[in-house]
Amino acid sequence: MAYEGILLGMGNPLLDISLVVDEEFLKKYDIKLNNAILAEEKHLPMYQEMASKPNVEYIAGGATQNSIKVAQWMLQIPGATGYIGCIGKDKFGEEMKKNSKAAGVNVQYLEDETAPTGTCAVCVVGGERSLIANLSAANCYKSEHLKKPENWALVEKAKYFYIAGFFLTVSPDSIQLVAEHAAAKNKVFSMNLSAPFICEFFKDAQEKALPYMDFVFGNETEARTFSKVHGWETDDVAEIALKISQWPKASGTYKRTTVITQGADPVIVAEDGKVKQFPVILLPKEKLVDTNGAGDAFVGGFLSQLVQGKSIEDCVRAGCYASNLIIQRSGCTYPEKPEFK
């Protein structure tokens, strides 16, 4: 099977500015742990403060880009994956291009001259993380870029698509173009719930894309928020996963599979009106470095097997392998070669 360009991701490329901080810092900027939000005015001075610290780390990130890079790493086939998003024409943008190319991903960035490359503050306390994204250039993506023949060629070539829910805040029309293409050509389209605020404040855009989703990923907090927003009156993650999997579909080629991670608790997979649970690989607390990118890595591992036609069991196993490995390192980074069997 030809794997070149088989998986295409689209999202908000962000340079992670990662720093171990204390409770005091969280209080100062009004940040909750284990949350993902968009930066407000009050958060802006924080980026400079973090950048001035000696132990700050810069890692090319953004949810979709993380997942695509992990899938690429797991596959070990150069150019198997592609990625589209918007960066600024600046130092951080150059850093991003260098980093992604080194990872073997075929990136096609729209380069915006008016806004700086987006950044994401990753505040780590006791291994747990909070993300504050300042989208900047990532917010400037336009579907005109996607429609250019050289970029649409990536869409034509891909058999699998993955987009994090965060992109709903930027270019829902780009998502719709890819979703409709996937449905028309019997390709696999997947998305992530991504954050409670997406389920709450971008409910309409999410609902418009949902019928096209063959795979829906998320974590237990996002699933419960989704349930609340839709008035389902249940906090039972398995039940919520099942209801999401049974949401009407735009194309009848594939059934919908919902995959919900729950930290150290089992992964829940709902499809065909049934729910299965898969235990994760438990990690002793002292080995936890930071949880940033754990969910993204899970999706990347999962997709690396999905594009090879492997079973759901194998996909989940690869997802658990990747996320277990990533939380033992700073940011969404990995060793040279995977040891997944």
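Shortest non-hydrogen contact noted between Phe167 and Ser174 is CE2-CB, 4.1 Å. Cys123 and Leu26 get closest at one heavy-atom pair: CB-CD2, 4.1 Å. Heavy-atom minimum distance, Val122 versus Met50: O-CE, 3.7 Å. The heavy-atom pair separating Cys320 from Val267 by the smallest distance is SG-CG2, 4.0 Å. When all heavy atoms of Gly165 and Ser194 are compared, the closest pair comes out as N-OG, 2.7 Å. Taking all atoms of both residues into account, the shortest heavy-atom contact from Val307 to Ile6 is O-CD1, 3.7 Å.
Remark: side-chain polar atoms of Thr81 are not paired, donor with acceptor, to backbone N or O of Val105 under 3.5 angstrom. Between the side chain of Lys187 and the main chain of Val155, a donor-acceptor pair closer than 3.5 Å is present. A donor-acceptor contact shorter than 3.5 Å is absent between the side chain of Ser143 and the backbone of Leu146. Of the possible donor and acceptor atoms, one in the side chain of Gln328 sits under 3.5 Å from a partner among the backbone N and O of Asn324. With hydrogens and angles disregarded, no donor-acceptor distance shorter than 3.5 Å links the side chain of Arg129 to the backbone of Ser18. Remark: the backbone N or O of Lys341 is paired with a side-chain donor or acceptor of Arg317 at under 3.5 angstrom. Side-chain N or O atoms of Lys69 include one that pairs as donor or acceptor with a backbone N or O of Ala60 at under 3.5 Å. Checked by atom type and distance alone, the side chain of Ser227 never pairs as donor or acceptor with a backbone atom of Ala223 at under 3.5 Å. The closest donor-acceptor contact from the side chain of Ser190 to the backbone of Phe215 lies at 3.5 Å or more, if one exists at all. Without hydrogens or angle criteria, Asp90 side chain to Thr117 main chain gives a donor-acceptor distance under 3.5 Å.
Enclosure of atom CD in Glu180 by more than 12 non-hydrogen atoms of other residues, nucleotides or ligands within 6.0 angstrom is indicated. When the shell of 6.0 Å around NZ of Lys42 is examined, it contains more than 12 heavy atoms from other residues, nucleotides or ligands. Residue Glu339 qualifies as open at atom CD: its count of foreign heavy atoms under 6.0 Å is 12 or below. Atom NZ of Lys243 sits in a crowded spot, with more than 12 heavy atoms from other residues, nucleotides or ligands closer than 6.0 Å. Counted within 6.0 Å of CD on Glu286, heavy atoms from surrounding residues, nucleotides or ligands total more than 12; the atom is thus considered enclosed.
Listed by first and then second residue, the ring pair (Phe, Tyr, Trp, His ring centres under 6.0 Å) pairs that reach into residues 35-57 come to none, sequence neighbours excluded.
Within the 4.5 Å cutoff, no side-chain heavy atoms of Lys228 are placed close to those of Cys199. Side-chain contact check for Met191 versus Tyr212: every heavy-atom pair is 4.5 Å or farther apart.
Phe166 and Tyr83 are assigned to two separate hydrophobic clusters, defined by single-linkage of ILVMFWY side chains at heavy-atom distances under 4.5 Å. Side-chain heavy atoms closer than 4.5 Å link hydrophobic residues (I, L, V, M, F, W, Y) into clusters, and following such links, even through other members, never connects Val216 to Val229. Under the 4.5 Å side-chain contact rule for hydrophobic residues, Ile327 and Phe278 do not share a cluster. Under the 4.5 Å side-chain contact rule for hydrophobic residues, Val20 and Ile17 do not share a cluster. Hydrophobic clustering keeps Met96 apart from Ile59 (ILVMFWY residues linked when any side-chain heavy atoms are closer than 4.5 Å, directly or through intermediates).
Between Lys310 atom NZ and Phe302 atom CZ the span is 13.0 Å, to the nearest 0.5 Å. With rounding to the nearest 0.5 Å, the separation of CD1 in Ile31 from CG in Leu33 is 9.0 Å. In this structure, Met213 CE and Leu193 CG are separated by 7.5 Å, a value rounded to the nearest 0.5 Å. Within the model, atoms CD1 of Ile240 and OG1 of Thr258 stand 11.0 Å from one another, a figure rounded to the nearest 0.5 Å. How far CD1 of Ile268 is from CG of Asp236: 7.0 Å, rounded to the nearest 0.5 Å. Rounding to the nearest 0.5 angstrom, the gap separating the CG atom in Leu131 from the CG atom in Asn34 is 9.0 Å.
A salt bridge links Glu94 to Lys97: one of the charged nitrogens lies within less than 4.0 Å of a carboxylate oxygen. Salt-bridge check for Asp214 with Lys249: passed, with a basic side-chain N closer than 4.0 Å to an acidic carboxylate O. Salt bridge status for Lys27 with Glu23: absent, with no side-chain N to carboxylate O gap under 4.0 Å.
For Glu156, the side chain to side chain donor-acceptor pair (under 3.5 Å) partners at least two apart in sequence or on another chain are Trp152.
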### Query
What's the verdict on side chain to side chain donor-acceptor pair (under 3.5 Å) for Glu222 and Asn219, showing C-alpha distance, side-chain angles and the deciding distance?
CA-CA 5 Å; Glu222 294 148 11; Asn219 66 26; 3.2 Å; yes

### Task
Report the C-alpha distance between Tyr58 and Phe92 in whole Å, list the side-chain angles of each, state the deciding distance to 0.1 Å, and finish with yes or no for ring-ring contact (aromatic ring centres under 6.0 Å, His included).
CA-CA 9 Å; Tyr58 296 98; Phe92 282 173; 5.7 Å; yes

### Task
Walk me through it: do His145 and Gln108 pass the test side chain to side chain donor-acceptor pair (under 3.5 Å)?
CA-CA 9 Å; His145 177 261; Gln108 293 297 328; 5.7 Å; no

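When only modelled atom types and interatomic distance are considered, Asn12 and Tyr141 share no side-chain donor-acceptor pair under 3.5 Å.
Relative orientation of the Phe197 and Phe202 rings is perpendicular, given thresholds of 30° and 60° on the angle between their planes. Relative ring orientation between His181 and Phe161 is described as perpendicular, the plane-to-plane angle rising above 60° on a 0-90° scale split at 30° and 60°.
Aromatic ring centroids of Tyr321 and Phe340 lie under 6.0 Å apart.
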